[in-house]
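These notes concern the structure reproduced below.
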2 protein chains.
Amino acid sequence: MGSRFDASASIGGVLYKDVKRALLAALSEGEWKPAEAIPSERRLIERFGVSVGTLRKAIDELVAENILIRHQGRGTYVATHRMEDHFFRFFRVLRQDGHRDYPTVRLAKFRRAKADKAEAAALGLSPGDAVFRFSNVLSLENTPVMIDDIAVPVERFPTLSEARLRERPNTLYNFYQDDFGINIIRTDERLRATLANAEDAEWMGIAEGSALLQVLRVAYSYHDERIEYRVSKLNTTHHEFTFSQP
Amino acid sequence: MGSRFDASASIGGVLYKDVKRALLAALSEGEWKPAEAIPSERRLIERFGVSVGTLRKAIDELVAENILIRHQGRGTYVATHRMEDHFFRFFRVLRQDGHRDYPTVRLAKFRRAKADKAEAAALGLSPGDAVFRFSNVLSLENTPVMIDDIAVPVERFPTLSEARLRERPNTLYNFYQDDFGINIIRTDERLRATLANAEDAEWMGIAEGSALLQVLRVAYSYHDERIEYRVSKLNTTHHEFTFSQP
DNA sequence: TTACATTTGTTCGTATGTATA
DNA sequence: TTATACATACGAACAAATGTA
């Protein structure tokens, strides 16, 4: 069975899945950018030659995956990390009494390097490929509680620099969106307990050998493309890492 | 606006939400039990007097919440914890190389007690209400890696005993389902790093003061009813706690 | 304030396809 | 083969939210 519309690689079978693929393709090609509205249902129906229900089912899934956001009476928008709800989707640290707070970030390290084994494996690179490697110290209520060691492929972030990272007005994932057209839509995380080393102890003002929560994260864009590898260490004396399993 | 069908407390407004509420009510009253099929779409349409699309939208949400499972050509079933996919929904421990394995469980403690402050707060009890409190040691490949300290209200598990807990053929949540008609459908978890105490060290064969991952879990049934409070401690030397954030 | 056009949300009903027993 | 059950697709009508003239 051939493609039913435009040049999208439709394998056929289920029409709404084809529509979803086509929408996803348009998104990853940047036809509609984060925070922008996509065309109205009526226009998309004309474009794809399908019924409302079929289009809706395709969009339903993209909404469920947090890729699109619908607003009745306004339109359907490409999701961003700017939106308040989306920030805490990827920042899951709360005070132990349940209080949510936005962290302040200090860039503590930045350099260009060859990917080590762990980074290459996590990002699907060849060992030796270039990465930018940088560290952030995150504070809540003026107390440093978390250190993020982050690696991203130079290939996907060719113009990244320490200055631009320092000047970013927004969240990191928002910066990826606005300045590099890269949309983080999913993360895989693995958690362990570890002990604070000398640097951890200094930066977080704790004793060496304190227990820390370590989070190894791989962040993905469309089509399961791996964008970022991050190792976080969290001081859980007064905070905790939370999530809910529905 | 009054109820549109049977005795369900319909506040009106959105029909498919009413249907969903009615289905949920029937489920929590035990009209259909775990692993059983609910009536076919055609029969439910007659019962509720709605169209296919409306019924389907209600069921769609229950499927998305892992409460029902659809099988084309067979029927729609009440989810259980028996099913292979569902076990690892709540047991998120993997070997560091990614290998999944079912744990073996040893019941290490069991007693009836008055709820302490943490248990009462987590389960919404008055301090002093009766709980069953028991501990499991979980092993992977014959090595103990996790200790679960579990508390449940006596009121919801009146006939629970050490013998029944020890003889249960299946997973714990499956036991709750089969023997007490209680369906765990969601958990909230909070994670911290902590250090092994003497008992942890003895039971897991590690040094006192080793770093452990601590997981505080509240498990819910329908209507956000709190059923179980659990504090787990995991040795992350060779294993890790995983999840993905879509 | 009101009226109107636009956009998404809900509900209906029907026809056909696909998987299962 | 046949009957049953869920899955997909279509299209129409009306409701509700939004922004604007």
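Residue numbers begin at 1 in each chain, while the letters A, B, ... track the order of the sequences.
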query = Taking atom P of C:dC12 as reference, at what distance in whole Å does atom CG of B:Leu55 sit?
reply = 10 Å

key: Phosphate OP1/OP2 of C:dT11 contacted by B:Lys57 side-chain N/O (<4.0 Å)   = no

request  = Whole angstrom is fine here: how far is it from CZ in A:Arg42 over to P in C:dG9?
outcome  = 17 Å

By salt bridge (Lys or Arg N to Asp or Glu O under 4.0 Å) - contacts of A:Glu240 (at least two apart) = B:Arg190, B:Arg192

note = Applying side chain to side chain donor-acceptor pair (under 3.5 Å) to B:Asp97 and not counting sequence neighbours gives B:Arg95

remark   = For B:Asp101, the salt bridge (Lys or Arg N to Asp or Glu O under 4.0 Å) test, sequence neighbours excluded, returns none

query = Nearest-Å distance, CG (A:Asp18) to P (D:dC10)?
reply = 11 Å

ask   = Taking atom C1' of C:dT7 as reference, at what distance in whole Å does atom CD1 of A:Ile59 sit?
value = 11 Å

task = Mind checking side chain to side chain donor-acceptor pair (under 3.5 Å) for A:His71 and listing every partner two or more places apart, or none if nothing turns up?
result = A:Arg74

ask   = Is there a side-chain polar atom (N or O) of A:Arg43 under 4.0 Å from OP1 or OP2 of C:dT6?
value = no

query = In chain order, what residues pass the side chain to side chain donor-acceptor pair (under 3.5 Å) check against A:Glu65, with sequence neighbours excluded?
reply = A:Lys20

task = Starting at atom NZ of B:Lys17, determine the distance to atom P of C:dG9, rounded to an integer number of angstrom.
result = 12 Å

ask   = Which one, C:dT8, D:dA5, D:dA9, comes nearest to the side chain of A:Thr54?
value = D:dA9

task = Using a heavy-atom cut-off of under 4.0 Å over every strand shown, decide if A:Arg56 touches base, sugar-phosphate, or nothing.
result = base

message = Please confirm whether the ring centroid of A:Tyr102 lies under 6.0 Å from the ring centroid of A:Phe91.
response = no

query = Under 4.0 Å: is that the gap between some side-chain N or O of B:Arg70 and OP1 or OP2 of C:dA19?
reply = no

message = So, does B:Thr76 get its side chain near the phosphate of D:dC6, meaning an N or O under 4.0 Å from OP1 or OP2?
response = yes

note = In whole angstroms, the gap separating C1' of C:dT8 from CD1 of A:Ile69 amounts to 15 Å

B/S/- contact track for nucleotides 11-21 of chain D, protein heavy atom under 4.0 Å = S----BBBS--

request  = Write down the distance between CD1 (A:Ile45) and C1' (C:dT7), rounded to a whole number of angstrom.
outcome  = 11 Å

message = Please report whether the ring centroid of B:Phe157 lies less than 6.0 Å from that of B:Tyr176.
response = yes

key: Integer-rounded Å distance: C:dT6 P and A:Tyr77 OH   = 16 Å

